[in-house]
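Presented below is the structure to which this report refers.
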Amino acid sequence: MTETNGKSKPTTEQVALITGATSGIGHAIAESFARKGYKLAINGFGEKDDIEILLKQLKGSGAAEAIHIDTDMSAAADIERLLDETKTCLGGLDVLINNAGIQHTDNIENFPPDKWDKIIAINLTASFHTIRLAVPMMKANNFGRIINIASVHGLVASSQKAAYVAAKHGLVGLTKVVALELAETGITCNAICPGWVLTPLVEKQVTAIAGRDKIGYEDAVYKLVSEKQPSNRFVEQSELGELCLFLASQSARSITGVCLPIDGGWTAR
């Protein structure tokens, strides 16, 4: 339950918009919110039939409603349509989770400018647009939760990730500014900073290491994770979903402007 203009509002009447939610971390977050009965709007890549199956799965998990809105997250006009359709189809917006992101690695002197522009657009600028459009809807109800899925790379750097690190550091800064501006409202804004999470993209890296070094899967996982993450294990996607749920709850109403590492000790070094 949440308080909206002094009235209780059950989660089955709350609307959560999760970007980049057709796979990986976003999918796991959507599943967590579905189990609590939220109305869900998601976007992300995928074939039409696969997305239909995903929406049925979310409804089967308990989502009051679940819709997919096809969106180019690098285009401001498309993001405006995303927010408009969420409001029109589901009745408003209570929880915004900015998860959409892309990656490219290369040394700075070889980093393609078009890759830089695209990563900044999707990993940072898109969140600016979703937030600026969501805040008026949330202010109208004096309630809102904005959760930005940043990265451990929003707090520390790694080589060959100039655009990604710049975007995630920017997202952390954006989170703090929005939290300060909304501190006297019923709206919070926080960032989650995951370390190594086993996503389809990371799975490919593990497989590549195993093939390159001629070692087993578990040894490849250890080689990848142990360099940075003292826990020597992946953060599970479900952990991120549960943390998002907590930040969306009334119990977290005084938590705002924070950037929570969920990184197995990476940033403790």
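Positions are given from 1 along the sequence.
Between A64 and K39, the closest heavy-atom pair is CB-CG, 3.9 Å. Taking every heavy atom of both residues into account, T86 and G92 meet most closely at CG2-O, 3.7 Å. Across A21 and L54, no two heavy atoms sit closer than the pair O-CD2, 3.8 Å. Between C259 and K176 the shortest heavy-atom distance is SG-CE, 4.2 Å. Here the closest non-hydrogen pair linking A220 and I209 is CB-CG2, 4.0 Å. In this structure, R145 and T188 approach most closely via the heavy-atom pair CD-OG1, 3.0 Å.
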Could you list the donor-acceptor pairs under 3.5 angstrom formed by side chains in residues 26-34, with sequence neighbours left out?
residue: E31; atom: OE1; partner: S61; partner atom: OG; Å: 2.8
residue: S32; atom: OG; partner: A28; partner atom: O; Å: 3.3
residue: S32; atom: OG; partner: R35; partner atom: NH2; Å: 3.4

Can you list, pair by pair, the side-chain donor-acceptor contacts under 3.5 Å of residues 107-114, counting residues two or more places apart and other chains?
residue: N107; atom: OD1; partner: Q160; partner atom: NE2; Å: 3.2

Would R233 and E239 count as a salt bridge (Lys or Arg N to Asp or Glu O under 4.0 Å) here? Give the steps. CA-CA 13 Å; R233 67 168 181 83; E239 296 176 62; 3.5 Å; yes
In sequence, state the C-alpha distance, the side-chain angles, and the governing distance for L133 and F128, and then conclude on side chain to side chain contact (heavy atoms under 4.5 Å, CB included). CA-CA 9 Å; L133 296 164; F128 159 73; over 6 Å; no
Pair D213, K223 - check salt bridge (Lys or Arg N to Asp or Glu O under 4.0 Å), show working. CA-CA 10 Å; D213 297 346; K223 188 165 188 174; 2.6 Å; yes
Evaluate the criterion side chain to side chain contact (heavy atoms under 4.5 Å, CB included) for residue pair T256 and L180; output intermediate values, then yes/no. CA-CA 8 Å; T256 193; L180 289 175; over 6 Å; no
Checking W196 against D263 for the side chain to side chain contact (heavy atoms under 4.5 Å, CB included) test, could you report, in this order, the C-alpha distance in whole Å, the side-chain angles of both residues, the deciding distance, and whether it holds? CA-CA 7 Å; W196 283 118; D263 64 2; over 6 Å; no
Please evaluate residues L174 and S127 with respect to the criterion side chain to side chain contact (heavy atoms under 4.5 Å, CB included), reporting the C-alpha separation (whole Å), side-chain torsions for both, the decisive distance (0.1 Å), and the verdict. CA-CA 9 Å; L174 177 63; S127 295; 4.3 Å; yes
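For the pair I255/N190, a side-chain contact is recorded, criterion being any heavy-atom separation below 4.5 Å from C-beta on. Considering only heavy atoms from C-beta on, I192 comes within 4.5 Å of L240 through its side chain. Residues V15 and V95 have side chains not in contact (no heavy-atom distance under 4.5 Å, counting atoms from C-beta outward). A 4.5 Å side-chain heavy-atom check between P136 and K139 finds every atom pair outside the cut-off. Using a 4.5 Å heavy-atom threshold, the side chains of E52 and E47 count as separate. Between L90 and I67 the shortest side-chain heavy-atom distance falls below 4.5 Å. Looking only at side-chain heavy atoms (C-beta outward), L260 and L247 come within less than 4.5 Å of each other. L224 has its side chain within reach of Q205: a pair of non-hydrogen atoms, C-beta onward, lies under 4.5 Å apart.
Rounding to the nearest 0.5 angstrom, the gap separating the CG atom in N43 from the CD1 atom in I79 is 9.0 Å. Note: E227 CD to Q229 CD = 11.5 Å, rounded to the nearest 0.5 Å. Of the inter-residue distances, the one linking I42 atom CD1 with L17 atom CG reads 10.0 Å to the nearest 0.5 angstrom. In this structure, the separation between NE2 on H104 and NZ on K161 is 12.5 Å, given to the nearest 0.5 Å. How far OG1 of T71 is from CD1 of I69: 6.0 Å, rounded to the nearest 0.5 Å. Between atom NE2 of residue H68 and atom NZ of residue K48 there is a gap of 11.5 Å, rounded to the nearest 0.5 Å.
Under a hydrophobic-cluster definition in which Ile, Leu, Val, Met, Phe, Trp and Tyr are linked whenever side-chain heavy atoms come within less than 4.5 Å, directly or via other members, I25 and L58 are assigned to the same cluster. In this structure, Y164 is not a member of the same hydrophobic cluster as V152, with clusters built from ILVMFWY side-chain heavy atoms closer than 4.5 Å. A continuous path of ILVMFWY side-chain contacts below 4.5 Å connects L82 to I146, so both sit in one hydrophobic cluster. Hydrophobic clustering, with ILVMFWY side chains joined whenever heavy atoms are under 4.5 angstrom apart, keeps I262 apart from F234. One hydrophobic cluster, built from ILVMFWY side chains closer than 4.5 Å, holds both M137 and L182.
Distance alone, capped at 3.5 Å, places no donor-acceptor pair between the N141 side chain and the D94 backbone. Of the possible donor and acceptor atoms, none in the side chain of R269 sits under 3.5 Å from a partner among the backbone N and O of W266. In this structure a side-chain-to-backbone donor-acceptor pair under 3.5 Å is present from Q237 to L198. For the pair S74 (side chain) and K118 (backbone), a donor-acceptor distance under 3.5 Å is absent. Proximity of a side-chain donor or acceptor of S249 to a complementary backbone N or O of F246 within less than 3.5 Å is detected. In this structure, the side chain of K168 engages the main chain of I149 through a donor-acceptor pair within 3.5 Å. Judged by distance alone, the side chain of T22 and the main-chain N or O of F45 form a donor-acceptor pair under 3.5 Å. Distance alone, capped at 3.5 Å, places no donor-acceptor pair between the N148 side chain and the A150 backbone. The main-chain N or O of H153 is found under 3.5 Å from a side-chain atom of H169 such that the two form a donor-acceptor pair. Here the side chain of N142 pairs a donor or acceptor atom with the backbone of G186 at under 3.5 angstrom.
No more than 12 heavy atoms of other residues, nucleotides or ligands sit less than 6.0 Å from atom NZ of K36. More than 12 heavy atoms of other residues, nucleotides or ligands lie within 6.0 Å of NZ in K228, so this atom counts as buried by the packing criterion. Around the OH atom of Y217, the shell of radius 6.0 Å holds more than 12 heavy atoms that belong to other residues, nucleotides or ligands.
Under the salt bridge (Lys or Arg N to Asp or Glu O under 4.0 Å) criterion, D78 pairs with R81, sequence neighbours left out.
A donor atom on one side chain and an acceptor atom on the other are found under 3.5 Å apart for T130 and N98.
Tested against I119, the residues I102, T125, V165, L124 include a single side chain to side chain contact (heavy atoms under 4.5 Å, CB included) partner, I102.
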